[in-house]
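What follows is a set of notes on a single structure, which appears directly below.
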Amino acid sequence: MSKIVFITGASSGFGKAIAEKFAEGGYDLILNGRREDRLQELGNELENRFNIAVYLLPFDVQQQEKVYASIHHLPAAWQQIDILVNNAGLALGRDYFDEASIEDWNVMIDTNVKGLLYVSKAVIPFMQKNKKGHIINIGSTAGKEVYEKGNIYCASKHAVDAISKAMRIDLLKDNIKVTVIHPGAAETEFSIIRFKGDEETAKKVYDGYQPLSAADIAQVAFFCTTLPEHVCINDLVITCTSQANSFYTFKKG
Ligand code: NDP
Ligand code: 8X3
């Protein structure tokens, strides 16, 4: 069997582009997301185009029992996971702290933080058995600086940053690499989800400059995993050329 990469949130955006990039590189894929129809379509296309094998593992990362049951029941050959990409995540709303919805906060914390923990906890024993592995966590520039009305999304991504540091220290003994990639603004379905289907507001986020694309992030994720065995990129912030950090983006017009 070829090397195996397990990608959460592969039905859209970064996760989908990462699946395409690794498929092109000859990896077999475990694809997760909630929208099974999208995973099925992507899986079929990549199997046909790149002659690789794809295993679909649709579940909601917020549901601990389902996460554990799905991962523990992987066929033995598919348990030989080389790379885990913890990408599933979202922002919901852009509101002042005192006006934001508690439901939105719960979903962001349950997905971006607890979901990442559940999936990692379930996959790490397979890597420990093999005495190798690579975990890539998708953070954000929002995990480096807190911006107005970003409150709990920023908090969840700061948590991803801290969890990545903790994992890297505690998994040294198992020869497991941990990389956290912090992208800036990238045009995916992210803002449509954040603004709850308001496509006009979502589009405005990217007006006046060229944001990152999902393919840019996929290229970087692939690069991080193809370095020599003894080399690990720990922490990587990537923005488009027009963006410096969460606060400064140069926009035309
Ligand atoms: P998209 O909305 O395009 O993709 C998000 C993916 O996450 C989808 O595949 C979605 O699948 C999946 N997902 C969401 N919730 C769950 C869940 N509960 N269980 C399983 N899968 C879930 O956004 P992006 O590709 O942009 O976002 C990917 C990651 O990148 C997120 O963690 C986001 O915070 C981060 N990020 C995004 C940036 C951006 O500007 N776009 C910048 C920095 C970081 P489904 O709905 O089918 O479950
Ligand atoms: C997504 C980028 O700037 O919306 O993580 O927080 S931003």
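Counting starts at 1 for both ligands and their atoms, following the listed order. These numbers come from a predicted model, not from an experiment.
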Hey, is K157 touching ligand 1 through its side chain, its backbone, both or neither, going by heavy atoms under 4.0 Å? side chain

Students should be able to answer this: which protein heavy-atom is nearest to atom 28 (C) of ligand 1, and at what distance? N87 OD1, 3.1 Å

Let me see the working for I7 and L31 under side chain to side chain contact (heavy atoms under 4.5 Å, CB included), right down to the final yes or no. CA-CA 5 Å; I7 304 158; L31 301 181; 4.3 Å; yes

E189: which of K203, R194, K196, R35 passes salt bridge (Lys or Arg N to Asp or Glu O under 4.0 Å): R35

Which part of T111 is near ligand 1, with near meaning a heavy atom under 4.0 Å away: side chain, backbone, both or neither? side chain

What's the spacing between D174 CG and K129 NZ if we round to 0.5 Å? 13.5 Å

Checking heavy atoms under 4.0 Å, the part of A185 that sits near ligand 1 is backbone

Minimum-distance protein heavy atom relative to atom 40 (O) of ligand 1: A186 N, 2.9 Å

For the pair Y209 and Y206, name the ring-plane relationship: parallel under 30°, tilted 30 to 60°, perpendicular over 60°. tilted

Atom 6 (O) of ligand 2 has as its nearest protein heavy atom Y147 OH, 2.6 Å

Tell me which protein heavy atom sits closest to atom 2 (C) of ligand 2, plus the residue, atom name and distance to 0.1 Å. S140 OG, 3.8 Å

Nearest non-hydrogen protein atom, atom 43 (C) of ligand 1: P183 O, 3.2 Å

Under 3.5 Å, is there a donor-acceptor pair between the S164 and D161 side chains? no

Proximity of R194 to ligand 2 by residue part, where a heavy atom lies under 4.0 Å: side chain

Under-4.0 Å heavy-atom contact with ligand 1, by part of D110 that carries it: neither

Is it the side chain, the backbone, both or neither of Y153 that has a heavy atom closer than 4.0 Å to ligand 1? side chain

Going by the order shown, which atoms of ligand 1 are within less than 4.0 Å of some heavy atom of G139? 43 (C), 44 (C)

Heavy atom to atom 17 (C) of ligand 1, shortest distance: which of K114, R34, R38, H182 holds it? R34

Ring geometry between F97 and W105 (parallel below 30°, tilted from 30 to 60°, perpendicular above 60°): tilted

Please state which option from S140, G184, A214 has its nearest heavy atom closest to atom 42 (C) of ligand 1. G184

